[in-house]
Amino acid sequence: MSVRTLPLLFLNLGGEMLYILDQRLRAQNIPGDKARKVLHDIISTMFNRKFMEELFKPQDLYSKKALRTVYDRLAHASIMRLNQASMDKLYDLMTMAFKHQVLLCPRPKDVLLVTFNHLDAIKGFIQDSPAILHQVEEIFRQLTEVKCFFLLCLWQTYGGLSAGEFQLIRQTLLTFFQDLHIRVSLFLKDKVQNSNGRFVLPVSGPVPWGTEVPGLIRMFDSKGKEVKKVEFKHGGNYVTAPKEGSFELYGDRVLKLGTNMYSMNRPVETHMSGASKNLAPRTQENIAPNPLAKEELNFLARLMGGMEIKKPSGPEPGFRLNLFTTDEEEEQAALTRPEELSYEVINIQATQDQQRNEELARIMGELEVTDQPRQSASKGDDLLAMMDGL
Amino acid sequence: MVAVDSQGPQDSAVRMFRRERSIPLRGSAAALCNNLSVLQLPSRNLTHFGVVHGPSAQLVSAAPEGVPLAQRQLHAKEGAGVSPPLITQVHWCVLPFRVLLVLTSHRGIQMYESDGSVMVYWHALDSGDASPVQAVFARGIAASGHFICVGTWSGRILVFDIPAKGPNIVLSEELAGHQTPVTDIATEPAQGQDCVADMVTADDSGLLCVWRSGPEFKLLTRIPGFGVPCPSVQLWHGTVAAGYGDGQVRLYEAGTGTLHVQISAHARAICALDLASEAGKLLSAAEDTFVHIWKLSRSPESGYTEVEHCHGECVPDTQVCGARFCDPSGSSFAVTGYDLAEILRFSSV
């Protein structure tokens with residue numbers, strides 16, 4: 001599978017996480033300055049340069065379980081706390097949303113447009129704070145610097161890829177999301193998802209940029225002259241694409257996938273899709289044998305070693321965010337979550353394996369993480385040279 | 001001139017299809033191209049189906065009405081590396097004296113007896129000159145006479161010489177022709193004359209290479225791509241049928257590479273093509289949820305290949321990833337879809 005997939009997966013899931021947190025913070029009436037602080041802290045952790053460097057190294061995708069641990073840490077990058085049930089729900093929503101976006105991308109490379117939509121929205125979260133403007137300006141300046149670095153990484157990694165390579169990335173992402181059928185109220189209401197948890201694939205609307213509307217058979221002679229033209233009924237109701245989305249720093253992305261669908265302040269509920277026989281084989285594959293778990297732990301250690309979690313400065317009281325409408329609902333959700341959908345977050349107290357404890361202690365950032373760079377030194381130098389040239 | 005395709009009871013080429021009983025799978029189908037292989041065994045009243053789930057592939061045998069009779073799961077051989085290897089394709093190869101089941105993965109090539117019971121050969125891929133950003137895998141499987149040809153991530157085609165029985169399989173040749181990962185290979189029995197093309201290979205850049213098989217394979221023609229992958233390809237009486245990532249199906253004359261037909265067939269990337277050779281029927285399936293059946297023929301006056309649309313089937317809300325005819329006359333076909341844990345079957349009324 002493609003080793004260039006992780007940055008796209010991480011950023012888009014992170015973007016969805018911010019949309020959901022933003023909506024819940026408003027729904028729970030968290031004071032504006034606290035809410036903004038949470039979002040700013042998460043955003044600056046996501047775009048931390050060292051973290052970005054780790055993220056963009058060519059590597060395979062790891063399991064949903066391993067990735068969940070990264071988001072758990074990210075969500076706790078600020079003064080906000082989430083119970084496990086809320087964190088589970090948050091992760092469910094994030095993953096189903098991005099799965100939908102990947103599935104509906106007209107062309108495989110349009111996943112970059114989805115990524116830009118998330119990025120554009122993240123900019124909006126920073127800009128939209130007149131109350132703490134000077135803080136915002138400073139964050140924005142730091143972020144612009146880091147975002148330039150990030151965009152450079154993005155461009156370097158994906159700028160020259162062929163359609164075939166994007167197709168492989170798409171297949172890698174779909175493999176990651178295979179067999180995930182959690183029903184999301186918002187999707188069900190908008191008729192984007194069926195009651196069996198599968199997404200609706202429309203057969204109408206604009207064709208992808210570069211594709212012709214189906215329905216024509218053209219026949220040519222050996223000199224290339226068209227000799228016959230026949231129409232046929234395709235069955236869909238497609239129209240020509242109006243224009244191509246922009247892949248520039250700023251521009252009209254055209255595609256709506258990846259924009260904030262929660263901005264209407266709609267509740268974010270999920271239904272657990274109930275035990276289904278099809279889930280069984282998938283779970284067996286997630287119970288990874290020891291060698292794989294060790295490599296995943298190493299990945300987490302490297303990735304989170306680059307995450308600089310800010311310790312709260314001064315008496316900034318934390319608060320707990322609830323992804324459900326009431327505390328009782330949250331408790332109930334924790335009790336009734338189907339076994340096969342449990343993410344089994346790596347809990348340092350729960351594990352008894354001595355070696356794993358040491359690994360986990362390193363992950364939690366107490367010890368120096370000795371990094372084994374996978375890229376050659378020259379590549380890092382090239383990147384620095386490029387940055388100097390800006 | 002433009003003619004609207006007339007559909008009606010008077011047009012004998014038009015058929016209506018109905019859904020038949022589905023065959024359940026233990027695991028859902030992976031989002032790969034050409035993700036269904038069918039082995040028809042009419043003498044034993046059986047059909048074998050092969051579908052890739054991810055790190056495993058599933059083989060199911062079914063009776064004519066679709067009643068599942070036997071099941072088997074095969075796994076990609078581990079080899080060197082960290083993450084569990086994923087299978088890219090599973091395909092039955094019908095050779096003169098035997099049938100082998102071939103499985104390609106991110107580690108190598110596994111060959112089994114046709115029921116998947118015994119592995120007779122393992123070839124580990126050489127990832128020596130791959131850069132760290134390149135995915136290493138084998139993909140694209142076809143039988144050509146007593147050879148089995150398998151494509152790789154580098155574009156090289158591996159040619160294996162298969163004995164009439166036993167495990168003494170030998171890698172006899174490596175064909176150079178492609179620079180990007182191979183997607184699919186199609187073959188047809190040589191038509192009897194000399195210098196005739198009997199194999200076509202396709203890759204991620206859309207390039208098609210046309211070959212003549214033999215003790216040494218010879219590259220006859222190259223048909224350039226146009227910026228989109230060609231995930232699936234077929235060969236019928238010297239005509240190459242190619243399905244592309246932009247939903248087009250194109251037919252070329254194999255010997256010269258001349259384009260004869262261009263069809264705006266689908267609204268999304270094509271994932272599978274299949275041929276009912278006797279009947280001259282071509283099946284195309286794509287991520288747009290549609291499966292189309294086409295009738296190929298040669299115009300008696302001009303000698304050019306002509307195409308007629310026979311039938312379109314929508315598989316609602318399903319990103320199709322594999323499709324095959326289930327009988328030589330093309331009156332029934334089977335479909336797999338991403339995330340779907342069943343094989344859908346259709347037959348004409």
TODO: Could you walk me through whether Lys99(A) and Asp339(B) pass the side chain to side chain contact (heavy atoms under 4.5 Å, CB included) test, one step at a time?
DONE: CA-CA 12 Å; Lys99(A) 177 175 182 175; Asp339(B) 248 0; 2.5 Å; yes
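- Between Leu340(B) and Arg198(A), the closest heavy-atom pair is CD1-NH1, 4.0 Å.
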- [ ] Could you give me the CA-CA distance, side-chain angles and deciding distance for Leu168(A) and Trp153(B), then say whether side chain to side chain contact (heavy atoms under 4.5 Å, CB included) is met?
- [x] CA-CA 11 Å; Leu168(A) 191 64; Trp153(B) 57 277; over 6 Å; no
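- With a 4.5 angstrom heavy-atom cutoff, Thr258(B) touches chain A only via side-chain atoms.
- Between the side chains of Asp246(B) and Thr211(A), no donor-acceptor pair of N or O atoms lies under 3.5 Å.
- Thr305(B) has its side chain out of reach of Met219(A): every pair of non-hydrogen atoms, C-beta onward, lies at least 4.5 Å apart.
- Contact count versus chain B (heavy atoms, under 4.5 Å) is highest, among Pro208(A), Ser222(A), Gly215(A), Ser162(A), for Ser222(A).
- Using a 4.5 Å heavy-atom threshold, the side chains of Gln171(A) and Cys33(B) count as touching.
- What you find for Tyr238(A) and Ala267(B) is that their closest heavy atoms are CZ-CB, 3.4 Å.
- Closest approach of His53(B) to Gln178(A), counting heavy atoms only: O-NE2, 3.1 Å.
- In this structure, the portion of His292(B) lying under 4.5 Å from any heavy atom of chain A is its side chain and not its backbone.
- The main-chain N or O of Met1(A) is found under 3.5 Å from a side-chain atom of His106(B) such that the two form a donor-acceptor pair.
- Within the 4.5 angstrom heavy-atom criterion, no atom of Thr180(B) approaches chain A.
- Heavy atoms only, all atoms of each residue included: Pro132(B) and Val3(A) are closest at O-CG2, 3.5 Å.
- Contact check for Leu216(A) versus Ile263(B): no side-chain heavy atoms found under the 4.5 Å cut-off.
- Of the two parts of Val200(A), the backbone and the side chain both hold a non-hydrogen atom closer than 4.5 Å to a non-hydrogen atom of chain B.
- Between Gln319(B) and Leu201(A), the closest side-chain pair of non-hydrogen atoms falls below 4.5 Å.
- Looking at Lys109(A), neither its backbone nor its side chain comes within 4.5 Å of chain B, counting heavy atoms on both sides.
- The environment of Gln71(B) atom CD is dense: over 12 non-hydrogen atoms of other residues, nucleotides or ligands sit within 6.0 angstrom.
- Interface remark: of the candidates Gln248(B), Gln262(B), Arg250(B), Gln134(B), Gln262(B) forms the most heavy-atom pairs closer than 4.5 Å to chain A.
- The contact between Leu86(B) and chain A is made entirely by side chain atoms (from C-beta outward), counting heavy-atom distances below 4.5 Å.
- For the pair Phe220(A) and Leu251(B), the minimum side-chain heavy-atom distance is 4.5 Å or more.
- You'll find the side chain of Asp317(B) stays beyond 4.5 Å of the side chain of Phe199(A), heavy atoms only.
- Under the 4.5 Å side-chain criterion, counting only non-hydrogen atoms from C-beta, Arg218(A) is not in contact with Val261(B).
- No hydrogens or angles considered: a donor-acceptor pair under 3.5 Å links the side chains of His234(A) and Asp288(B).
- Residue Gln167(A) touches chain B through its side chain alone, counting heavy-atom pairs closer than 4.5 Å.
- Chosen from Thr157(A), Leu103(A), Asn194(A), Leu174(A), the residue pairing most often with chain B at heavy-atom distances under 4.5 Å is Leu174(A).
- The existence of a salt bridge linking Arg170(A) and Glu287(B) is confirmed by a sub-4.0 Å separation between a basic side-chain nitrogen and an acidic carboxylate oxygen.
- Not a single donor-acceptor pair under 3.5 Å links the side chain of His309(B) to the backbone N or O of Phe232(A).
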